[in-house]
Visitor: 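Structure incoming, see below.
For this chain, numbers begin at 1 and follow the sequence in order.
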Amino acid sequence: MADDTEERLRILMEEYKNSGSSGRKVRDHQGLDLDDEREHRNLTQEPRRIREDPVAFMLNLGLHYRGTGWRGYKNYIGNKILYPGFSDRIKSLVLSSQSVQQVISELADRQAKQLLAVQKKKNISEEERAKRIEKQRKQLRRELEAVARGITDKCVSTMDDARNVRVITSIFAFLLNNILARLYHQGLHIKESQWVELKRIALMCQQNKQSLILAPCHKSHIDYLVVSYIFFRLGLQIPHIVAGENLDMPIVGPFLKSCGAFFIKREWGNNPMYKAIMEEYITTLLSEGMNFECFIEGTRSRLGKLLSPKLGVIKIILDAIISGRVSDCYIVPMSLGYDKIIETSSYANELLGNPKEKESLWGLVTNTRILQFKWGRVDVRLNKPFSLRTWLEDQLQLRSPMDPNDPISKPILLKSLGYRILSDINAVSVVMPSALLGTVILTLRGRGVGRSELIRRVDWLCKVIRAKGGQVAEFYGMSTSVIVDRTVSIHKDLIGEQKVKDLLEPTFYGVNPFELSYYRNQIIHLFIEEVIKLGGSKTDQRMRYTDLLDEISFLSSLLKLDMIYKPGGVENNTRRTVRWLVENDIFEVTDDGWVGLADAERAIGRENYDFLCFLLWPFVESYWLAAVSLFTLVPSRANYSPGVSAKADARIFSNRAQALGKTLYYQGDVNYLEAVNKETLSTAFNRYQQQGIMIMERHHTPKPWVEVSLTEAYIPERVNGVLAPQGLLWLLAERIGKFRMEGKNRRDNANVSTRVLRLAEMLAEDNATPSANQKTLRKQMSQDKSKL
């Protein structure tokens, strides 16, 4: 086995060297060194439509049906899948495991005792009682085992139907190639050297019966298709994919399960049976060397940037390594970049609080209208895979002494792992042309931008991104002007051209800035340190370094749940970033410790300074809106009592905060409609809970829900019955407000405070009416109290 692996590794490296992909450089139209064009490879084939070329269409279908070449999927790298009895074997391993059997026994014992207690049998001996409990327990055990089998039947993937393996793989490859090639007509692009390295790691994993843990960013339902198609196309074991149960639909659900998907519930912590089976299933897959795909963000990002890590599945994987049940596995951070995301319109609607549209992967890929569009290209990049075992050992040595099983230490390890993966994804993410244009259009003042200026700023942005170590999508020798024109044609619904007569050159503007901000947010990780520093200097554009550091500390702490910072701490990051700003003639630092805007930057109209501020302002405005929304939690005039907070149903409170934000936006006191998005507001409220500003109480009557209120120190005061702009909460809103975009909301602050508090007062009166959940909870508490 080892000799076979070595031989395959030798052949793999020889093929790569002979392809000419390594070691060569070319120069683009700007004179920058780029990788050889052959290093970047398009994996999709131009689809042949049966109406246009029926002969070519049938020939292509025939190649897939016969399994010619890579389409046969025979000599893939990885442990064996797609064989008779595969899923039955996995189910048997899961159901017979010690952990699942232990949960079944505990539940049976507990329920048997509860049933006997309910029956209230009297005058029976202890021996008779024990017999009855044992009888009940055996019966309950049989029922629980049936429940366990039902869970595994529903969840476990079915990559094992020998009669249909060829048909399934052929259909899989043929359909995915045609769907992806029609949606993204410029192709699905990879960087060859990254996948050669992954194949090398995969061969090692195959020899040692270890897994690849694929950790892609999650931007679209299309992500599932892209990753699986690449693995099929390049001859790697198709991964088992963690998918939401919303995708388990008739026809498409069984098909996806046969291709590696397994469906899980969003919440399963309160179901010990389900929890034990899912944990055992994932651990079993790892111990069998099955490749595994999970989305570290937990859900699709509606904002364009990476979300904070969700650590449930990662915890199971780490526990399997810590316990020794799995020797090792390799984490593969993966970035997927799209010229256009199918769901951005629905994302914008959701973020504004509109009812979520029912959608599915099947609905997206079978929508004939969508398949008619030509939406550019997809770029997939990999960071270097890393051993989870080695990472764990390094962390334990770095943080020594540390017990990985300690309930305090383990969350630290999990959080560190989650942010390591996110950082690795950001490090290899490709800035697509849509992100370049969206960023430039949304970071310029005025009603629009001329074509020549748009091209100039895109060139500047590409240069800065590359200088900072970021990656821009390969242009293949095309000029920036061509890229700009192609991107505008793809995004006609977001980027408009002014049709006014007598304009001297084409002039473009953002048709839908909110939706376009999705693409702008894709580059914020590259400039996050700079935008925080400029946000800190925002107040007067000149301040002492010590004061700047204080402002930066406040702002970076405030936004820590929304932004992913580089390691090193605030002081080290500030020194490094200020140095970069000085080197780029944006800042100047005097010998006596003053930091301010450089004369060179003022001479060009602060365009680079403004660019960085425009990236930050929408997020600052969301946090300011979240802060002033907390004034709605003051009790109404009739119920007001100093030091007592009103309580509100979190869902209703969030809706009212958005209503406040929309009102302020349309009245001109909020600059960005995107500041009203519920995702960032929710993150802001979570941060305020962490900072001890507000309280979130979880209830389970009549169903799980959350009740919010203010901590005593932050409860607003009423003066003569009227909300007063004073106290800790108002000071917080005022301090955040210093970093907001200048405009109407900065010129007449006294009037703004009057308007904001008047609107908050209206919502405070609404909060005086309890929600349905609050009424049910109070009724239950009253009943419990009466029983006592």
Side-chain angles (χ1 to χ4, degrees), residues 78-79 193-218 227 236-237 239-240 242 279 282-298 306-335 381-429 469 525 564-569 572:
N79 291 292
S193 60
Q194 295 175 346
W195 290 88
V196 170
E197 172 65 10
L198 182 63
K199 285 185 176 182
R200 185 185 71 82
I201 298 293
L203 283 166
M204 293 169 49
C205 288
Q206 179 181 347
Q207 180 179 353
N208 298 321
K209 204 175 182 180
Q210 294 170 349
S211 303
L212 298 176
I213 309 298
L214 312 180
C217 59
H218 200 7
V227 175
L236 291 157
Q237 181 203 92
H240 285 70
V242 181
E279 289 178 351
I282 292 172
T283 303
T284 299
L285 291 177
L286 298 181
S287 65
E288 292 293 310
M290 298 294 113
N291 292 342
F292 188 82
E293 178 184 347
C294 64
F295 296 100
I296 185 71
E297 299 163 273
L306 290 180
L307 305 177
S308 298
K310 302 297 186 292
L311 303 173
V313 173
I314 294 297
K315 178 180 181 300
I316 298 172
I317 296 171
L318 186 61
D319 283 343
I321 297 292
I322 292 173
S323 67
R325 289 192 59 187
V326 175
S327 61
D328 200 1
C329 59
Y330 281 77
I331 308 292
V332 186
M334 183 181 299
S335 170
R381 300 293 173 89
L382 307 177
N383 209 320
K384 186 175 181 180
F386 64 91
S387 159
L388 185 54
R389 171 70 66 184
T390 301
W391 176 88
L392 177 61
E393 291 171 353
D394 289 345
Q395 289 293 309
L396 294 179
Q397 183 176 358
L398 179 68
R399 303 172 187 272
S400 179
M402 171 181 271
D403 179 2
N405 291 304
D406 180 71
I408 297 176
S409 300
K410 185 173 289 185
I412 297 174
L413 286 173
L414 281 171
K415 187 175 180 180
S416 177
L417 177 58
Y419 279 99
R420 159 72 189 272
I421 295 171
L422 290 180
S423 179
D424 282 359
I425 293 172
N426 270 338
V428 294
S429 64
H525 66 280
I564 300 171
Y565 305 123
K566 293 180 181 178
N572 289 332

Visitor: In Å, rounded to the nearest 0.5 Å, how long is the span from CD of Glu288 to CG of Asn79?
Guide: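 Going from CD on Glu288 over to CG on Asn79, the span is 8.0 Å.
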Visitor: Can you name the closest pair of heavy atoms from Ser335 and Ser429 and give their distance?
Guide: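 Taking Ser335 first and Ser429 second, the nearest heavy atoms are OG-CA, 3.1 Å.
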Visitor: Is any side-chain heavy atom of Phe292 closer than 4.5 Å to a side-chain heavy atom of Ile317?
Guide: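 Result yes, sub-4.5 Å side-chain heavy-atom pair found.
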Visitor: Under a 4.5 Å cut-off applied to non-hydrogen side-chain atoms, are Val428 and Pro333 in contact?
Guide: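 No. Closest side-chain heavy atoms not under 4.5 Å.
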Visitor: Enter the distance from Ser211:OG to Met290:CE here, rounded to the nearest 0.5 Å.
Guide: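 Ser211 OG to Met290 CE: 7.0 Å, rounded to 0.5 Å.
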Visitor: Has Lys384 got more than 12 heavy atoms of other residues, nucleotides or ligands less than 6.0 Å from its NZ?
Guide: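 Check fails, neighbour count at 12 or below.
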Visitor: With the side chain counted from C-beta on, respond yes when Phe295 and Cys217 share a heavy-atom pair under 4.5 Å apart, and no when they do not.
Guide: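 No, side chains not in contact.
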Visitor: Ignoring hydrogens and angles, tell me if any N or O in the side chain of Gln237 forms a donor-acceptor pair with the backbone of Gly78 under 3.5 Å.
Guide: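 Not at all, since once roles are kept as given, no pair shorter than 3.5 Å links the two residues.
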Visitor: When you measure from the side chain of Glu293 to the backbone N and O of Pro239, does any donor-acceptor pair fall under 3.5 Å?
Guide: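 Pair absent, no side-chain N/O of Glu293 close to backbone of Pro239.
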Visitor: Report the distance from atom NE2 of His240 to atom CG of Leu214, rounding to the nearest 0.5 Å.
Guide: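 Output value for this atom pair is 12.0 Å.
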Visitor: Between Trp195 and Leu236, does a side-chain contact (heavy atoms from CB on, under 4.5 Å) hold up when you go through it step by step?
Guide: CA-CA 10 Å; Trp195 290 88; Leu236 291 157; 4.1 Å; yes
Visitor: Using 0.5 Å steps for rounding, measure from the CD1 atom of Ile213 to the CD1 atom of Ile331.
Guide: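 Between Ile213 CD1 and Ile331 CD1, I get 5.5 Å after rounding to 0.5 Å.
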Visitor: Under the side-chain contact (heavy atoms from CB on, under 4.5 Å) rule, what do Ile201 and Val332 come out as? Steps first, then yes or no, please.
Guide: CA-CA 10 Å; Ile201 298 293; Val332 186; over 6 Å; no
Visitor: Between Met334 and Ile425, is there a side-chain heavy-atom distance shorter than 4.5 Å?
Guide: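 With C-beta onward as the side chain, the pair stays apart.
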Visitor: Determine, for Lys315 against Asp319, whether the closest basic-nitrogen to carboxylate-oxygen distance falls under 4.0 angstrom.
Guide: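 Looking at Lys315 and Asp319, the cut-off is met.
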Visitor: Testing the 3.5 Å rule here: is there a donor-acceptor pair between the side chains of Ser423 and His525?
Guide: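 The criterion, which ignores hydrogens and geometry beyond distance, is not satisfied for His525 and Ser423.
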Visitor: For the pair Arg389 (side chain) and Ser327 (backbone), establish whether a donor and an acceptor sit closer than 3.5 Å, ignoring hydrogens and angles.
Guide: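 Flag set: sc Arg389 to bb Ser327 pair under 3.5 Å.
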Visitor: Less than 4.5 Å apart, side chain to side chain, heavy atoms only: is that true for Tyr330 and Leu198?
Guide: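 Contact flag for Tyr330/Leu198 side chains = no.
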Visitor: Tell me if a side-chain donor or acceptor on Ser416 pairs with a main-chain N or O of Leu413 at a distance below 3.5 Å.
Guide: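 Not confirmed, Ser416 side chain does not pair with Leu413 backbone.
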Visitor: Is any side-chain heavy atom of Asp328 closer than 4.5 Å to a side-chain heavy atom of Asn208?
Guide: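 No, too far: nothing below the 4.5 Å cut-off.
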Visitor: So, do Ile296 and Lys310 sit near enough that their side-chain heavy atoms are less than 4.5 Å apart?
Guide: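 Heavy-atom side-chain distance check fails, nothing below 4.5 Å.
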Visitor: So do the side chains of Ile322 and Leu392 get within less than 4.5 Å of each other, counting heavy atoms only?
Guide: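 Contact flag for Ile322/Leu392 side chains = yes.
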Visitor: Ignoring hydrogens and angles, tell me if any N or O in the side chain of Gln210 forms a donor-acceptor pair with the backbone of Cys329 under 3.5 Å.
Guide: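 No, the answer is negative, given that no donor and acceptor are paired below the 3.5 Å cut-off.
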Visitor: For the backbone of Ser387 and the side chain of Thr390, can you confirm whether one donor and one acceptor N or O come within less than 3.5 Å of each other?
Guide: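 A pair under 3.5 Å: no.
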Visitor: For the CG atom of Leu311 and the CD1 atom of Ile316, what is their distance to the nearest 0.5 Å?
Guide: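 These two atoms lie 11.5 Å from each other.
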Visitor: How far does CG of Leu307 sit from CG of Leu422, to the nearest 0.5 angstrom?
Guide: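 If I round to the nearest 0.5 Å, the distance is 8.5 Å.
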Visitor: Any donor and acceptor pair, going by atom type alone, linking the side chain of Asn383 with main-chain N or O of Asp424 inside 3.5 Å?
Guide: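 Pair found, side chain donor or acceptor close to backbone of Asp424.
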Visitor: When you measure from the side chain of Asn291 to the backbone of Leu212, do you find a donor-acceptor pair of N or O atoms at a distance under 3.5 Å?
Guide: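 Looks like yes, one N/O pair under 3.5 Å.
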Visitor: Return the minimal non-hydrogen interatomic distance between Pro404 and Lys410, and the atom names on each side.
Guide: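 The answer is O-CE, 3.1 Å.
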Visitor: Thr283 side chain to Ala320 main-chain N or O, any donor-acceptor pair under 3.5 Å?
Guide: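 Not at all, since once roles are kept as given, no pair shorter than 3.5 Å links the two residues.
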Visitor: Look at atom CD1 of Ile408 and say whether more than 12 heavy atoms of other residues, nucleotides or ligands are closer to it than 6.0 Å.
Guide: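 Result for CD1/Ile408: open.
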